[in-house]
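To start, the structure itself, in structure tokens.
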Amino acid sequence: MELSKNYSPAEIENKWYEHWLQKGYFKSEPDSREPFTIVIPPPNVTGVLHMGHTLNETVQDILVRKARMSGYNACWVPGSDHASIATEAKVVGMLKEKGIDKNNLSREEFLKYAFEWKEKYGDIIYSQLKKLGCSVDWDRTTFTMDDHYYKAVIKVFVDLYNKGLVYRGARMIHWDPVAKTALSDEEVEYKEITGKLYYIKYKIVNSELSAVSKETPDLAETTHNSPLTTDYIVIATQRPETIMGDTAVCANPGDERYNKLLGKYVLVPLINKKVPIIFDEYVDKDFGTGILKITPAHDINDYNIGLKHNLSIVDTLNDDGTLSEAAQIYVGEDRFVARKKIVEELKQKGLLIKEEEYQTRLGFSQRTNSVAEPKISTQWFVRMKALADPALKAVTDGEIKIHPGEKFLATYKYWLENVKDWCISRQLWWGQQIPAWYDEDGRFVVAENEGEAKKIFNTQYSTNNTQLKQDEDVLDTWFSSWLWPIEVFNGITEPDNKDINYYYPTSVLVTGQDIIFFWVARMIMAGMEYKKEKPFSDVYFTGMVRDKQGRKMSKQLGNSPDLLDLIDKYGADAVRFGIMISSPAGNDLLFDEASLEQGRNFNNKIWNALKLVKLWEGRKSESNLSEGAEAMILSQMTMNIDLGVMPVVPIGLLSEDNFATQWFENRLNEVTIEIESLYKQFRLSEALKIIYSLIWDDFCSWYLEWIKPGFEQPIDENVYNKTVYFFEQLMQLLHPFMPFITEEIYHLLKEQTDDLTVKQFEKPEKPGHTILEQGNILKEVITAIRDVKNKNQVKPKEKIRLHIQTEHKHNYTSIEDILSKQVNAESISYTHHPIENSLSILVGKDKFFIETDQVIDTGVQKEQLEKDLEYLKGFLNSVEKKLSNERFVQNAKAEVIELERKKKADAETRIKIIEESLSTI
RNA sequence: GGGAGCAUAGCUCAGUUGGUUUAGAGCAUCUGCCUUACAAGCAGAGGGUCCGCGGUUCGAACCCGUGUGCUCCCA
């Protein structure tokens with residue numbers, strides 16, 4: 001078969017994904033094996049995969065594929081999240097484009113559109129997962145609004161309500177004026193912005209009047225025409241549009257500037273509403289003018305002060321962020337427009353003293369990016385304390401391990417220890433409708449359905465056939481996602497079914513650190529509450545994917561690449577490689593297309609190694625060993641066991657080239673063991689680096705060159721078979737990271753009876769130290785000789801005669817062939833004295849003399865030797881200093897001292913050899 | 001304001017209980033090569049005050065203190 005010049009991933013990737021699906025390799029059913037379970041963090045149903053997802057899904061696929069190839073019953077559950085706010089916003093936007101206003105639709109009509117939208121776009125995300133090669137069990141695909149899932153959410157809500165853990169009440173919450181819904185505290189992101197502080201005059205009402213008119217209801221009216229003192233106080237505020245909601249002004253009781261005003265009143269500018277001056281320790285004397293306006297309806301701190309001082313609450317904002325009737329002025333204007341107009345009016349009336357820029361933090365809605373408004377509102381809440389305690393314990397006891405632990409444990413702990421009640425109602429239609437039913441008087445009951453609700457209602461309120469109306473609101477998306485690891489296996493709706501009993505708790509959760517509170521902590525709470533057991537054993541946090549300048553990826557910056565474009569350009573394997581190669585757990589990843597290019601080049605390197613091996617396939621020669629020689633080698637092998645050299649497990653017969661095959665076999669075992677340990681520590685990026693280097697350097701650059709036959713020469717059949725076997729092993733090691741090319745190569749190497757995706761890893765043998773060490777010496781000698789040739793401008797093509805001066809000749813006899821091939825030597829001989837007119841180098845304690853037909857420039861050589869000498873002398877000096885330090889010799893461990901002595905002796909020998917060489921030049 | 005983490009080569013990062021050399025890798029750079037698998041390549045090389053200062057120790061990239069800078073979380 002003719003193999004193309006370069007590897008082209010496109011058709012190959014599609015072909016294998018289809019094949020794997022058709023074979024059902026990703027399907028999982030409970031059996032006698034140990035399960036390895038991952039539930040995907042469900043992406044938003046109408047979204048697309050961005051680079052953050054790509055990293056996440058790749059990590060999960062690596063873990064799942066590795067488990068599947070290691071004897072586990074691997075189950076990766078895919079799915080998507082209905083994402084109430086985000087999706088509803090998209091559907092509303094889509095309707096708007098069609099000229100349809102959501103307000104003119106009934107709930108049912110709207111939901112019909114929403115489901116249509118979901119049907120149309122919900123699969124995009126799945127097709128991207130396929131492109132990326134994700135080995136998920138498609139038969140288990142779950143959506144958070146599936147019937148059973150919907151029921152589970154309702155069941156949990158009712159259950160928590162009955163346990164007293166869900167309640168309804170008026171609290172200060174964050175309001176999103178664009179989405180027109182309440183938000184949880186977690187859905188508000190604080191951003192540093194440059195705001196303005198406006199210094200506004202509040203007139204002080206004269207004391208006589210204030211004393212008598214304190215209880216006057218129509219205060220604003222009466223004060224208009226009242227005699228006023230010329231005194232005023234100045235209040236700094238960043239929100240002048242809320243002054244109409246002021247119900248007091250407040251200073252610190254210890255502030256001498258203001259405490260004489262005790263019992264007095266001021267007039268709120270523009271509307272001349274009379275409000276009292278109150279005092280509270282909360283006020284910071286040094287901030288602004290030291291006196292604050294108190295607007296309990298629109299600030300959490302003001303709200304608390306209001307409660308304490310029994311102030312009334314005047315809500316001056318509508319749900320859409322415009323000013324309400326209560327504001328009296330600028331009614332219907334947007335809050336920011338109103339701010340400008342009010343500032344202008346204050347200016348005109350001489351009530352604005354000054355404006356000052358200042359840094360402040362503002363809360364923004366995570367979903368709509370609008371400025372969130374603190375607002376008093378009646379909503380549904382989850383009482384968190386009781387749920388938080390077991391969730392905290394599961395992590396602090398080490399039952400659930402977080403990776404990287406040191407970084408996130410403290411964050412997790414802090415949040416759970418200080419957790420506030422969770423606002424779970426949203427004023428939306430897309431989501432699970434809250435199962436509370438009300439009568440006309442606002443009396444309500446909570447039940448799983450209307451029939452049930454009526455029964456309970458009638459009993460509870462001793463009435464009959466009352467008309468009940470269900471709560472209009474839906475539940476927070478996260479109130480459904482926190483059940484994910486349970487309900488994907490129907491663990492809420494059908495407790496104790498065989499799936500939930502087998503797959504739960506899941507093995508690993510892989511997710512972004514940004515949703516540690518939204519999702520991870522709450523899943524642990526739900527798990528502890530409903531399964532009395534952790535939902536997963538390990539949590540692996542990936543970092544955020546940024547661009548190479550370290551900026552967040554965003555649509556505005558246009559620095560967020562399209563996944564499918566990248567796959568088209570480089571192939572899915574290369575994308576997976578590129579994103580994994582530099583992403584240590586928990587650290588942000590600076591995404592650079594250059595690393596995808598590196599991945600593509602790696603593909604190509606593997607492809608070319610395949611081409612080389614296939615070139616040899618037709619040129620196999622039978623083993624040139626007689627049966628007698630074979631027996632001899634086998635007996636040597638037995639001896640080698642005693643010497644610590646790993647015997648080769650014969651694939652076919654042994655050959656004369658067996659140093660290379662033995663060395664590589666051991667190297668392969670060494671790396672396989674190393675990889676295993678890295679997997680256990682979730683150090684996937686490092687594991688990939690090691691495999692990359694094993695394939696590129698050890699296999700391609702060294703091993704294949706060592707066994708490469710001369711031009712058009714045949715290759716020993718046994719060496720060939722071994723090489724194919726090694727290649728298969730390498731592909732297996734790499735498969736979890738780069739599934740497509742490895743499967744393709746596996747099948748191109750030879751006729752296979754199975755597929756790599758499900759091929760089980762063999763347990764690696766313990767590698768032999770001696771042969772690995774010998775391999776290192778060989779590599780070092782080759783590199784050193786090439787270097788000296790390079791530095792002395794000896795052309796690689798030029799033949800050399802190599803003379804080795806060593807006390808350990810046996811180290812070299814078995815590798816002579818490889819050595820001469822690699823440094824282009826026409827002869828190798830051993831010597832006891834320096835060779836005239838040659839280049840000499842030192843490796844360890846052995847000297848190598850390189851004879852060429854070329855005239856040698858001794859200057860270059862001398863320079864190099866002197867440099868080496870200088871280094872060694874410096875080194876020797878530092879070792880001697882250590883050894884001559886009495887306290888070191890007294891205190892250090894014996895083996896450390898021994899080592900230093902050996903270093904000293906080695907350095908001295910080497911210095912002697914170099915000085916000898918220098919004297920002969 | 002409270003808390004956490006980080007600072008090692010031009011860039012991105014390893015560096016295990018303090019001692020295997022005067023600190024490693026990949027990418028980038030430089031030099032030489034179109035050598036029959038691969039120029040998306042091969043063979044080599046150069047490059048570091050381990051953020052500053054102080055301490056503990058026979059010995060510190062590593063432990064402690066402190067300063068500086070960056071990132072994240074929370075209010």
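Chain letters run A, B, ... following the sequence lines, proteins first, then strands; residues in each count from 1.
With both ends at atom C1', the span from B:A23 to B:G15 equals 8 Å, rounded to whole Å. Taking the C1' atoms as reference points, B:A60 lies 16 Å from B:U16, given to the whole Å. B:C74 and B:C27 have their P atoms separated by 38 Å, with the value rounded to a whole Å. B:G54 and B:A14 have their P atoms separated by 28 Å, with the value rounded to a whole Å. B:U8 and B:C70 have their P atoms separated by 14 Å, with the value rounded to a whole Å. Taking the C1' atom of each, B:G48 and B:U29 are spaced 16 Å apart, rounded to whole Å. One C1' atom belongs to B:C50, the other to B:G3, and the distance between them is 27 Å to the nearest Å. One P atom belongs to B:C72, the other to B:C30, and the distance between them is 35 Å to the nearest Å.
Spacing between atom NZ of A:Lys789 and atom P of B:G44 amounts to 11 Å, rounded to whole angstrom units. When rounded to the nearest whole Å, the span between CD1 of A:Ile841 and P of B:A45 equals 11 Å. Atom CG of A:Leu589 is separated from atom C1' of B:C6 by 17 Å (rounded to the nearest Å). A:Phe875 has its CZ atom 3 Å from the C1' atom of B:U21, to the nearest Å. One interatomic measurement links the two molecules: NZ of A:Lys795 to P of B:U31, which rounds to 16 Å at whole-angstrom precision. Per the geometry, CD belonging to A:Glu417 stands 20 Å off P belonging to B:C73, to the nearest Å. Rounded to whole angstrom, the span from the CZ atom of A:Phe888 across to the P atom of B:A60 amounts to 12 Å. Rounded to an integer number of Å, the gap from A:Lys903 NZ to B:U20 P is 5 Å.
Residue contacts for A:Arg910: at a heavy-atom cut-off of 4.0 Å it reaches no nucleic acid atom on any strand shown. Note on A:Glu189: nothing from the nucleic acid sits closer than 4.0 angstrom, heavy atoms only. Counting non-hydrogen atoms under 4.0 angstrom, A:Ala594 reaches nothing in the nucleic acid. Heavy atoms of A:Glu900 sit nowhere under 4.0 angstrom from any nucleic acid atom. Residue A:Ser701 is in sugar-phosphate contact alone, with no base atom involved, counting any heavy-atom pair closer than 4.0 Å across all strands shown.
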Audit row: A:Glu773, A:Thr770, side chain to side chain donor-acceptor pair (under 3.5 Å) steps and yes/no:
CA-CA 5 Å; A:Glu773 195 45 48; A:Thr770 316; over 6 Å; no
Would you check, one step at a time, whether the test side chain to side chain donor-acceptor pair (under 3.5 Å) holds for A:Thr295 with A:Asp299?
CA-CA 6 Å; A:Thr295 322; A:Asp299 183 282; over 6 Å; no
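With hydrogens and angles ignored, no donor-acceptor pair under 3.5 angstrom links the side chain of A:Lys611 to the base of B:C38. Side-chain N/O atoms of A:Gln598 and base N/O atoms of B:A28 include no donor-acceptor pair closer than 3.5 Å.
Salt bridge present: A:Glu900 and A:Lys903 bring a charged side-chain N and a carboxylate O closer than 4.0 Å. Remark: A:Lys821 does not engage A:Asp817 in a salt bridge, criterion side-chain N to carboxylate O under 4.0 Å.
For the pair A:Trp696 and B:C42, the criterion of a side-chain N or O lying under 4.0 Å from OP1 or OP2 is met. Taking only side-chain nitrogens and oxygens, A:Asn608 never comes nearer than 4.0 Å to OP1 or OP2 of B:A40. Dashed line: the shortest gap from a side-chain N or O of A:Thr783 to OP1 or OP2 of B:A43 is not under 4.0 Å. Between A:Arg683 and the phosphate of B:C13, there is no side-chain N or O to OP1/OP2 separation shorter than 4.0 Å. Distances shown here put every side-chain N or O of A:Tyr414 at or beyond 4.0 Å from the OP1 or OP2 atom of B:C72. A close approach under 4.0 Å does not occur between any side-chain nitrogen or oxygen of A:Lys5 and OP1 or OP2 of B:U36. Residue A:Arg600 places none of its side-chain N or O atoms closer than 4.0 Å to OP1 or OP2 of B:A40.
Across the interface with RNA chain B, nearest-nucleotide mapping of A:Asp787 and A:Glu186 shows A:Asp787 to be the residue nearer the 5′ end. Comparing A:Asn790 and A:Phe602 against RNA chain B, the residue whose closest nucleotide sits nearer the 5' end is A:Phe602.
Distance from the side chain of A:Tyr190 is smallest to B:A75 among B:C73, B:A43, B:A75. For A:Tyr692, whose side chain is taken as the heavy atoms from C-beta onward, the closest listed nucleotide among B:C27, B:G41, B:A43 is B:C27. The side chain of A:Leu704 has B:A37 as its nearest neighbour among B:A75, B:A40, B:A37.
Between A:Trp616 and A:Tyr720, a ring centre-to-centre spacing not shorter than 6.0 Å is recorded. Aromatic pair A:Phe602/A:Tyr692: centroids less than 6.0 angstrom apart. A ring-centre distance under 6.0 Å is found for A:Phe664 and A:Phe699.
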Represent RNA chain B in dot-bracket notation, 5' to 3'. Only Watson-Crick or G-U wobble pairs with both distances under 3.5 Å count; pseudoknot-style crossings use [ ] and interstrand partners use |.
(((((((..((((.....[....)))).(((((.......))))).....(((((..]....)))))))))))).
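Donor-acceptor pairing under 3.5 Å is lacking for the side chains of A:Lys605 and A:Asn608.
A cation-pi arrangement is absent between A:Arg667 and A:Trp702 under the rule of less than 6.0 angstrom and at most 45 degrees off the ring axis.
Nearest heavy atom pair, residue A:Ala687 against residue A:Phe737, reads CB-CZ, 4.0 Å.
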